[in-house]
Amino acid sequence: MSHRCSCGILYATHVPAFGTGYFKGTMPKIILDTDPGVDDTLALLLALTSPDIEIVGITTVAGNAPIDLTTANALRLLEAMDISTIPVARGAERPLVRQPSPALQIHGSDGLGESGLPGPDRLSPVASGAPEFIKALVRDHPYADIDLVAVGPLTNVATTFLAAPDVATRLRSVVIMGGAFALTPHGHGNVTPVSEFNVWADPEAADIVFRSGASITAVGLDVTTSPGAILTSDLHETLAASTHPAARLTARVTRLGLSRRGQVQLHDPLALAAVVRPDIIETRDFPVEVVLSEGTTRGQTIADQRPRPEGEDAPTTISIATSVADPGFRDLLVGRLTGAPGR
Ligand code: BDR
Ligand code: CA
């Protein structure tokens with residue numbers, strides 16, 4: 001079964017996941033906005049191996065690596081998984097206001113942990129850019145159940161919402177990996193003492209998205225750097241020993257990070273897992289302010305925990321992840337990536 005949206009893209013409405021082959025037409029659908037990226041790779045692979053969701057499109061953004069590389073990497077990963085039915089749209093080459101700040105020192109010069117993945121040889125991006133692509137998919141999709149999972153800087157999402165504000169509320173939800181909200185002992189920054197990379201890289205975009213009226217869940221460092229969201233060498237051994245292509249690819253791209261730092265933080269796959277299995281995280285709702293000024297606090301995400309005076313208008317809030325099921329999340333991730341039944 002296929003559907004042609006007004007942007008002219010013919011895309012499959014069901015993409016069999018590995019180990020399945022059944023119709024996915026009524027499954028929840030996601031658009032994955034990503035900057036692959038080692039942990040972005042794991043988010044993509046978790047989505048591809050999850051029979052209970054369907055990726056209807058991938059959009060790329062400059063973040064961990066320049067846009068040419070993140071786009072090529074998204075295509076490379078699909079080719080490595082032998083998937084050609086998911087359209088990839090190239091997105092922003094730079095943040096709304098700032099200069100790009102790639103993180104190749106973390107993700108390797110290829111953005112994929114020096115894994116030497118070949119290609120892309122067969123796939124190329126669709127003609128429309130990411131904002132046009134997202135708008136068309138959301139407005140024209142025959143279902144009203146699309147979640148936008150954004151695991152890079154929020155440039156594409158903000159640009160889409162500025163051009164088409166209705167898209168923010170037509171989406172069922174926007175789940176982001178981003179922010180450090182000081183709600184747990186782990187909720188401190190990873191670029192500055194208080195700022196997380198995705199929000200720090202394009203704080204103006206994050207500010208626009210947080211004010212857009214979309215139903216937002218932020219999976220931030222408060223949970224993604226907690227012990228329940230760490231890939232350790234024992235889990236790496238399990239993945240490397242598997243015959244499943246997703247597990248082997250995961251083992252390949254995470255090898256460098258493990259050897260350099262002894263662990264890989266599972267930021268982006270946790271955001272994806274929160275869509276696959278919402279009870280993997282607990283959340284609390286707060287109004288959030290993004291700091292836009294230069295300096296140490298640029299990109300800080302401040303959750304306002306003050307009680308509201310009675311009678312005051314309720315402020316706009318977003319849901320912020322405050323805990324992760326342990327070992328539930330890592331069991332889900334490793335189970336899906338290795339094709340274990342029932343996970
Ligand atoms: C986020 O920044 C990137 O380096 C990762 O891919 C993740 O999306 C963590 O701060
Ligand atoms: Ca990312």
Side-chain angles (χ1 to χ4, degrees), residues 30-47 58-67 69-74 77 88 91-92 95 98 100-113 115 130 148-157 174-182 184 186-203 205-206 209 217-226 229-231 250 253-254 256-257 260-261 263-275 290 298-301 320-321 324 329 333:
I30 66 160
I31 299 170
L32 181 63
D33 186 72
T34 179
D35 58 335
V38 169
D39 59 322
D40 299 75
T41 300
L42 275 60
L44 173 62
L45 294 175
L46 176 58
I58 295 171
T59 51
T60 58
V61 66
N64 290 325
I67 188 65
L69 194 48
T70 60
T71 306
N73 283 345
L77 291 165
V88 175
R98 318 282 170 147
S101 315
L104 297 176
Q105 73 284 6
I106 303 287
H107 295 265
S109 61
D110 62 352
L112 298 178
S115 55
L148 175 57
V149 185
V151 295
L154 290 163
T155 321
N156 291 335
V157 185
V174 176
V175 178
I176 70 159
M177 189 284 129
F181 299 91
T184 78
H186 308 282
H188 48 78
N190 60 0
V191 181
T192 79
V194 291
S195 304
E196 180 278 332
F197 177 79
N198 287 339
V199 177
W200 174 87
D202 197 343
V209 172
T217 299
V219 179
L221 299 178
D222 305 72
V223 287
T224 68
T225 58
S226 70
I230 302 293
L231 182 73
T250 300
V253 300
T254 53
L256 179 74
R260 281 191 184 163
R261 291 179 285 279
Q263 59 174 39
V264 172
Q265 293 174 335
L266 300 168
H267 309 288
D268 296 350
L270 180 54
L272 201 289
V275 176
V290 182
R298 162 183 161 185
Q300 183 180 9
T301 43
I320 302 170
V324 51
F329 165 54
L333 182 67

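When a ligand or atom number is given, it counts from 1 through the structure's own listing order. As the structure is a prediction and not an experimental result, all values here were calculated from the model.
The side-chain heavy atoms of Met177 and Leu221, taken from C-beta on, include a pair separated by under 4.5 Å. Contact of the Phe197 side chain with the Asp35 side chain is registered, since non-hydrogen atoms from C-beta on lie closer than 4.5 Å. You'll find the side chain of Val324 reaches within 4.5 Å of the side chain of Ser226, heavy atoms only. Contact check for Gln300 versus Val290: no side-chain heavy atoms found under the 4.5 Å cut-off. Between Val219 and Val175 the shortest side-chain heavy-atom distance falls below 4.5 Å. Side-chain atoms of Thr34 and Leu44, non-hydrogen and from C-beta on, never get closer than 4.5 Å to each other.
Protein heavy atom nearest atom 8 (O) of ligand 1, with residue, atom name and distance: Asp268 OD1, 2.6 Å. Nearest protein heavy-atom contact of atom 1 (C) of ligand 1 is Glu196 OE2, 3.3 Å.
Shown are Leu266, Leu270, Val151; of these, the side chain to side chain contact (heavy atoms under 4.5 Å, CB included) with Leu42 is made only by Leu266. The side chain to side chain donor-acceptor pair (under 3.5 Å) test with Asn156 is passed by exactly one of Asp33, Thr60, Asp202: Asp33.
Of all the heavy atoms in Ala150 and Val157, the pair that sits closest is CB-CG2, 4.0 Å. Of all heavy-atom pairs between Asp110 and His107, the closest is OD1-O, 4.0 Å.
Taking every heavy atom of Asp40 and a limit of under 4.0 angstrom, the matching atoms of ligand 1 come to 6 (O). Listed by number with element, the atoms of ligand 1 under 4.0 angstrom from any heavy atom of Phe197 are 2 (O), 3 (C), 4 (O), 10 (O). Within ligand 1, counting atoms from 1 as listed, the ones closer than 4.0 Å to a heavy atom of His107 are 4 (O), 6 (O). Close approach of ligand 1 to Met177 (heavy-atom distance below 4.0 Å) involves ligand atoms 1 (C), 7 (C), 8 (O), 9 (C). Contact atoms of ligand 1 toward Asp39: 5 (C), 6 (O), 7 (C), 8 (O) (distance under 4.0 Å to a heavy atom of the residue).
Counting only protein N, O or S atoms, the number found under 3.0 Å from the Ca ion (ligand 2) is 5.
Under 4.0 angstrom from ligand 1, the non-hydrogen atoms of Asn190 all belong to its side chain. Residue-level proximity to ligand 1 for Asn64 is carried by the side chain, the only part with a heavy atom below 4.0 angstrom.
Atoms CD and CG, on Gln105 and Asn64 in that order, are 9.0 Å from each other to the nearest 0.5 Å.
Between Val151 and ligand 1, a contact under 3.5 Å exists for at least one N or O pair.
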